[in-house]
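Have a look at the structure below, then the notes.
Quick caveat: nothing in here was measured; it's all calculated off a predicted structure. Each ligand, and each atom within it, is numbered from 1 in the order the structure gives.
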Amino acid sequence: MNALEQSEARKLATFLEVGQTLAGTRKINDAMASVLETLSRHHGVVRATINLLDEDTNELRIAVSQGLDENNVRRVKYRIGEGITGRVFQSGRPVVVPQISQEPLFLDRLGVRKKTQGRQELSFICVPILVNRKAVGVLGVDLRYKAERDYERATVFFSIIATMLAQAIKVDHLTGAEKQRLLDENIHLKQELRERYDFSHIIGNSGPLRQVYEQVTQVARTNTTVLLRGESGTGKELIAHAIHYNSLRASKPFIKVSCAALPETLIESELFGYEKGAFTGAQARKKGRFELAEGGTLFLDEIGDLNVSTQIKLLRVLQEREFERLGGTETIKSNVRLIAATNKDMEQAITDGHFREDLYYRLNVFAIFMPPLRERKSDVLLLADHFLEKYAREHNKSIKRISTPAIDMLASYHWPGNVRELENIIERAVLVCETNVLHGHHLPPTLQTAEGSGTVTRLSLESAVEAYERDIIQDALKTTRGNRKKAAKLLDTTERILGYKVKKYGIDCDRFRL
Ligand SMILES: Nc1ncnc2c1ncn2[C@@H]1O[C@H](COP(=O)(O)OP(=O)(O)O)[C@@H](O)[C@H]1O
Ligand SMILES: [Mg+2]
């Protein structure tokens, strides 16, 4: 991928992130601040401000800023038409100053730029924030000066960000029904964007997973071979799908072959097909998966388990882009993008002579590593909620939420089977749950004792009863926001008994007081 493609991919990832931030936050200023933070993190923005019109004084004031001293910020204001900021507001058109040291119009109200002069030249891009074609504010960014920067492209980029900000500001100014309608519209837009990039069913917002999303957007539209690595159950297949549906081959087939599931003798005929009479039982010509995937994507799952003789044939297809059916002489041209996945230590397999080094290099052009679930704890609850909703719907149950103790158990478990294990556990819990809250005792014993060591222990009747008791007491306390008297009443017991149990289980009532 060249530098331009890389920068486009980064922009795309930013649009997604900004869209999500603006749609997902109640407080507009917090959301705008986090947008500026995103810009400074990924787009070389040194300082940024969002100025909004103060309707009382008819002046522009800084609503949020990034990279500036708070005290400075409060002082600064511009009249309409004053300085670059005021002019951009008045005209509704962007202004670009490639080198601010050369620009007399530059007022430097913030007094920060002068100091840096002589050391590091800066560029300034200022774009209007327009609602119904009327400016409501201005987005201004200081960038490190680069002579080769494409200022037109950069301005378009910041203008799109300003449009997204405008939409959020517009929503913020509305009330009641109108607001709800627009919010719904926003959710719909967001959904559309996600579906377009087909991340809609990939749950998770943790840093490591976001990095994966970014890699997917980078590589999807190329024809590059991708190698997905990571433990079993981390979502490799899901990512393979996302890459395909975000690629230019999206309308063509996505074909999967599991290299581990098929016996050695069958895998070659599966991959390359065969001619009639190629072997006993070959009564008619059969197309292989390579042919079925023509124009699309072939996903080779568990590539580390592929036998060595098939590895040689696969290598040839990768090099020559052609193959023959088993028992056939006709050479078939192949236009297929390969995505391979493995949970094996490939370097070790090469050392051990189980995997050909030359094939490995052909496959390992762009590697994406799927982080294990235990390294992205913040995704556990998002996923648990997602699966709860999914399986409750599927099994026609009205389970509304997961109890606090059950959440604690999910959060402290080490998830050796990753997302697949979590999914199975939640489905099973949904099946056995007869109330509208999913409790700790609906989870398997491995999680009951997971807290300390993560080791498997048999659960005695006594500890199972205790776990259940602790669970419903915490739940009652949650309902009553830590009020023991009310909780006791809810559980049909006395305050004294409840007090005793609370002490016995070391429950912290303050935790529920919110
Ligand atoms: N981030 C995720 N969001 C939603 N579901 C996920 C996620 N990661 C994995 N899953 C689900 O977990 C299961 C295992 O994922 P899979 O892609 O088959 O893992 P792998 O191929 O790495 O073994 C699948 O049912 C998949 O849909
Ligand atoms: Mg798999």
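Side-chain N/O atoms of Arg210 and Asn205 include a donor and acceptor closer than 3.5 Å. Checked by atom type, the side-chain pair Arg420/Ser232 shows a donor-acceptor distance below 3.5 Å. Judged purely by distance below 3.5 Å, without hydrogens or angles, the side chains of Glu231 and Asn343 never pair a donor atom with an acceptor atom. Between the side chains of Glu469 and Tyr505, at least one donor N or O sits under 3.5 Å from an acceptor N or O. Of the N and O atoms on the side chains of Asn223 and Arg249, at least one donor lies less than 3.5 Å from an acceptor on the other residue.
Using modelled atom types, no side-chain atom of Lys397 and backbone atom of Glu434 make a donor-acceptor pair closer than 3.5 Å. When atom types are taken as modelled, the side chain of Thr222 and the backbone of Gln218 share no donor-acceptor pair closer than 3.5 angstrom.
Counting the atoms of ligand 1 from 1 in the order shown, those under 4.0 Å from a heavy atom of Leu383 are 2 (C), 3 (N), 4 (C). If you number the atoms of ligand 1 from 1 as listed, the ones under 4.0 Å from a heavy atom of Ile203 come out as 1 (N), 2 (C), 3 (N), 4 (C). Close approach of ligand 1 to Phe387 is summarised as follows: ligand atoms under 4.0 Å from at least one heavy atom of the residue are 5 (N).
From the protein, the heavy atom lying nearest to atom 25 (O) of ligand 1 is Glu423 OE1, 2.7 Å. Nearest non-hydrogen protein atom to atom 10 (N) of ligand 1 is Val419 CG1, 3.3 Å. For atom 14 (C) of ligand 1, the closest non-hydrogen atom on the protein side is Arg420 NH2, 3.7 Å. Closest to atom 4 (C) of ligand 1 among all protein heavy atoms lies His201 O, 3.4 Å. Scanning the protein for heavy atoms near atom 23 (O) of ligand 1, the closest one is Gly233 N, 2.7 Å.
The residue Met370 has no part lying near ligand 1, judged by heavy-atom distances below 4.0 Å.
Ligand 1 has an N or O atom lying under 3.5 Å from an N or O atom of Glu237, backbone or side chain. Distances between N or O atoms of His386 and those of ligand 1 include no value under 3.5 Å. Considering backbone and side-chain atoms together, Ile202 places no N or O closer than 3.5 Å to any N or O of ligand 1. Note: an N/O pair closer than 3.5 Å links Leu238 and ligand 1 by distance alone. The shortest N or O to N or O distance between Thr234 and ligand 1 is under 3.5 Å. Distances between N or O atoms of Gly235 and those of ligand 1 include at least one value under 3.5 Å.
Contact check on Glu389 versus Arg393 returns a salt bridge, with a Lys/Arg side-chain nitrogen under 4.0 Å from an Asp/Glu carboxylate oxygen.
Aromatic rings of Phe157 and His43 (six-membered ring for Trp) have centroids within the 6.0 Å cut-off, being under it.
Distances from ligand 1 to the non-hydrogen atoms of Gly230 include no value under 4.0 Å. Distances from ligand 1 to the non-hydrogen atoms of Ala341 include no value under 4.0 Å.
Of all heavy-atom pairs spanning Lys333 and Glu294, the tightest one is O-OE1, 3.9 Å.
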How far apart are the C-alpha atoms of Glu322 and Thr331, what are their side-chain angles, what is the distance that settles it, and do they pass the side-chain hydrogen bond (donor to acceptor under 3.5 Å, both in side chains) test? CA-CA 7 Å; Glu322 59 185 35; Thr331 300; 5.0 Å; no

